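Pasting in a structure now, in structure tokens, and then I'll have a few things to ask.
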Amino acid sequence: MDTLTLLVSSIRRISRIGGALSLCLVHAFALCADMRGGASLRLRWPAALVAVVAAAVTAAAAAGHGDHNFHRDFDAVWGKGNARFRDGGRMVELTLDEQTGARLQSKERFLFGRFDLEIKLVRGESAGTITSFYICSGGARHDEVDFEFLGNVSGEPYLLHTNIFSDGKGEREQQFVLWFDPTADFHTYSILWNPHNIILYIDGTPIRVFKNNEAYGVPFPTRQPVHVFASIWNAEEWATQGGRVKTDWSRAPFVATYRRYNVSNACVWDAAGAGASRCAGGGGGWMRRRMDWWSWMTLNWVRMNYMAYDYCADRKRFPHRFPAECIIPIGRT
């Protein structure tokens, strides 16, 4: 286990003792980082550790996963026989074999919310496979936010492929190499979507933000309710090393496991009520949440150390002008 994973894991365990103790530990780590790094806010390794520790404590402190159940809250809309519900529906295994994969779709639709899901990815040989968690409105001018985990040959890391569609326009890919083994244990992947921004998290650590820049002509999802999806499928034509490595069906079945689905902080779309939505807790803090300075520091650390591709830096793809959202200052508010 690497130092970063060990430190985050330890703080998580400690955080269960009590929030006050956790915060004291975080402040102690921060003080040490400041003493070692001086007054400079340049993002170095100790500061990065502190940022990730704080995010882990925040995630662990968000107690409770809500009374959600895959068997009750989702429909198997594809490959029903390859969706196996465990632990009374609190866990589900999605399987890919040579005949079919599997996809779950939430029965409810949502307009804004925080969506959390713990996933353990396919172990061993996974080339050609994609395990995903995403929200999508459907339709030609759909809105969509994607976590897609691109499988690889044994011993090589997974690649996390993210994309954001608004009003039918996507091609906003960012890819990341993960700083842990996503097949060894469960990790929490989260989508926060409110009128201000979309933020993607891993274990409480922000890895991507897409701000509402409609004032500058960039479409932002605000009007179309979405379903939540979980799936596993064969994408050997592009998933692994650009399609050069194909799916090895002798290693099938490929199994990804999901648990602790949480939409306790979300606005449920009521189609029967003239399209109104009811928000848990009246919306709460998540509806107003934006990136603070600590989140920006952590995000920058992820980008500098683990980002493998950013469409906003691809001059071959955009030789004349980058998309508008790449040019607008991203800001710190």
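These figures come from a predicted structure and were not determined experimentally.
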Query raised in the report: Okay, side chain of Arg260, backbone of Leu117: is any donor-acceptor separation there less than 3.5 Å?
Result: no

Report task. State whether the side chain of Asp87 and the backbone N or O of Gly89 hold a donor-acceptor pair below 3.5 Å, judged by distance alone. Result -> no

Report summary line: Joining Ile, Leu, Val, Met, Phe, Trp and Tyr whenever any side-chain heavy atoms lie under 4.5 Å apart, the cluster holding Phe322 also takes in Tyr309, Tyr311, Phe318, Ile327

Query raised in the report: Can you name the residues that form a side chain to side chain contact (heavy atoms under 4.5 Å, CB included) with Asn194, not counting sequence neighbours?
Result: Leu192, His196, Asn197, Met287, Arg289

Query raised in the report: Charged N to carboxylate O below 4.0 Å: is that the case for Glu118 and Arg90?
Result: no

Query - N/O donor-acceptor pair under 3.5 Å between Arg315 side chain and Cys312 backbone - result: no

Query - Among Val302, Ile207, Thr188, the one residue meeting side-chain contact (heavy atoms from CB on, under 4.5 Å) with Ile202 - result: Ile207

**Report entry** Phe110 ring center near Phe115 ring center (under 6.0 Å)
**Finding:** yes

Requested in this report: Check step by step if side chain to side chain contact (heavy atoms under 4.5 Å, CB included) holds for Val218 and Phe210.
Outcome: CA-CA 11 Å; Val218 180; Phe210 182 73; 4.1 Å; yes

**Report entry** His142 and Phe165 aromatic centres sub-6.0 Å
**Finding:** yes

Query - NZ/NE/NH1/NH2 to OD/OE distance under 4.0 Å, Arg208 and Glu173 - result: no

**Report entry** ILVMFWY network linking Tyr158 to Ile130, side-chain heavy atoms under 4.5 angstrom
**Finding:** no

Requested in this report: Without swapping roles, check the side chain of Asn213 against the backbone of Tyr216 for a donor-acceptor pair under 3.5 Å.
Outcome: no

Query raised in the report: Same cluster or not: are Ile164 and Val209 linked, directly or through other Ile, Leu, Val, Met, Phe, Trp or Tyr residues, by side-chain heavy atoms under 4.5 angstrom apart?
Result: yes

Query raised in the report: Are Phe133 and Val255 connected in the hydrophobic side-chain network, where two residues link if heavy atoms are under 4.5 Å apart?
Result: no

Query raised in the report: Would you say Glu156's side chain and Gly151's backbone share a donor-acceptor pair under 3.5 angstrom?
Result: no

Query - Check: Tyr306 ring centroid to Trp301 ring centroid under 6.0 Å - result: yes

Query raised in the report: Do Leu121 and Ile232 share a hydrophobic cluster (ILVMFWY, side-chain heavy atoms under 4.5 Å, transitive)?
Result: yes

Query raised in the report: With no hydrogens and no angle check, do the side chains of Thr205 and Asp203 hold a donor and an acceptor under 3.5 Å apart?
Result: no

Report task. Let me see the working for Lys246 and Glu125 under salt bridge (Lys or Arg N to Asp or Glu O under 4.0 Å), right down to the final yes or no. Result -> CA-CA 11 Å; Lys246 305 300 183 182; Glu125 184 77 17; over 6 Å; no

Report task. Using a strict 4.0 Å threshold on nitrogen-to-oxygen distance, state whether Asp292 and Arg290 make a salt bridge. Result -> no

**Report entry** More than 12 heavy atoms of other groups within 6.0 Å of Arg317 CZ
**Finding:** yes

Report summary line: side chain to side chain contact (heavy atoms under 4.5 Å, CB included) filter on His227, not counting sequence neighbours, yields Gln105, Ser106, Arg109, Phe229

Query raised in the report: Crowded around Glu171 CD? As in, over 12 foreign heavy atoms under 6.0 Å?
Result: no

Report task. Identify the two heavy atoms, one from Ala102 and one from Leu94, that lie closest to each other, and give their separation to 0.1 Å. Result -> CB-CD2, 4.1 Å

Query - Verdict with supporting geometry, Thr162 and Asp146, side-chain hydrogen bond (donor to acceptor under 3.5 Å, both in side chains) - result: CA-CA 5 Å; Thr162 69; Asp146 297 330; over 6 Å; no

Query raised in the report: Residues in side chain to side chain contact (heavy atoms under 4.5 Å, CB included) with Ala184, at least two apart?
Result: Arg123, Asp181

**Report entry** Partner of Ser166 under side-chain contact (heavy atoms from CB on, under 4.5 Å), chosen from Ile198, Asp143, Asn212
**Finding:** Asp143

Requested in this report: Return the minimal non-hydrogen interatomic distance between Phe186 and Met91, and the atom names on each side.
Outcome: CZ-CE, 4.2 Å

**Report entry** Pairing residues for Phe74 by the ring pair (Phe, Tyr, Trp, His ring centres under 6.0 Å) criterion, not counting sequence neighbours
**Finding:** Phe70, Tyr261

Report task. Take Ser132 and Arg103, measure what side chain to side chain contact (heavy atoms under 4.5 Å, CB included) needs, and give me the verdict at the end. Result -> CA-CA 9 Å; Ser132 68; Arg103 181 166 64 246; over 6 Å; no

Requested in this report: State yes or no: do Tyr201 and Ile135 share one hydrophobic cluster built from I, L, V, M, F, W and Y residues joined by side-chain heavy-atom distances below 4.5 Å, directly or via other members?
Outcome: yes

Query raised in the report: If you draw a 6.0 Å radius around NZ in Lys80, do more than 12 non-hydrogen atoms from other residues or ligands fall strictly inside?
Result: no

Query - Aromatic contact, Phe176 with Phe149 (centres under 6.0 Å) - result: no

Query raised in the report: Can you tell me if Ser137 uses its side chain to pair, donor with acceptor, with the backbone of Val226 under 3.5 Å?
Result: no

Requested in this report: Please list, chain by chain and in numerical order, all residues satisfying side chain to side chain contact (heavy atoms under 4.5 Å, CB included) with Asp75, sequence neighbours excluded.
Outcome: Val77, Lys107

Query raised in the report: Could you give the distance from NE2 (His71) to CZ (Arg86), rounded to the nearest 0.5 Å?
Result: 12.0 Å

Query raised in the report: Are Arg114 and Asp116 close enough, and set up right, to give a salt bridge (Lys or Arg N to Asp or Glu O under 4.0 Å), and what steps lead you there?
Result: CA-CA 7 Å; Arg114 175 163 177 148; Asp116 303 303; 3.0 Å; yes

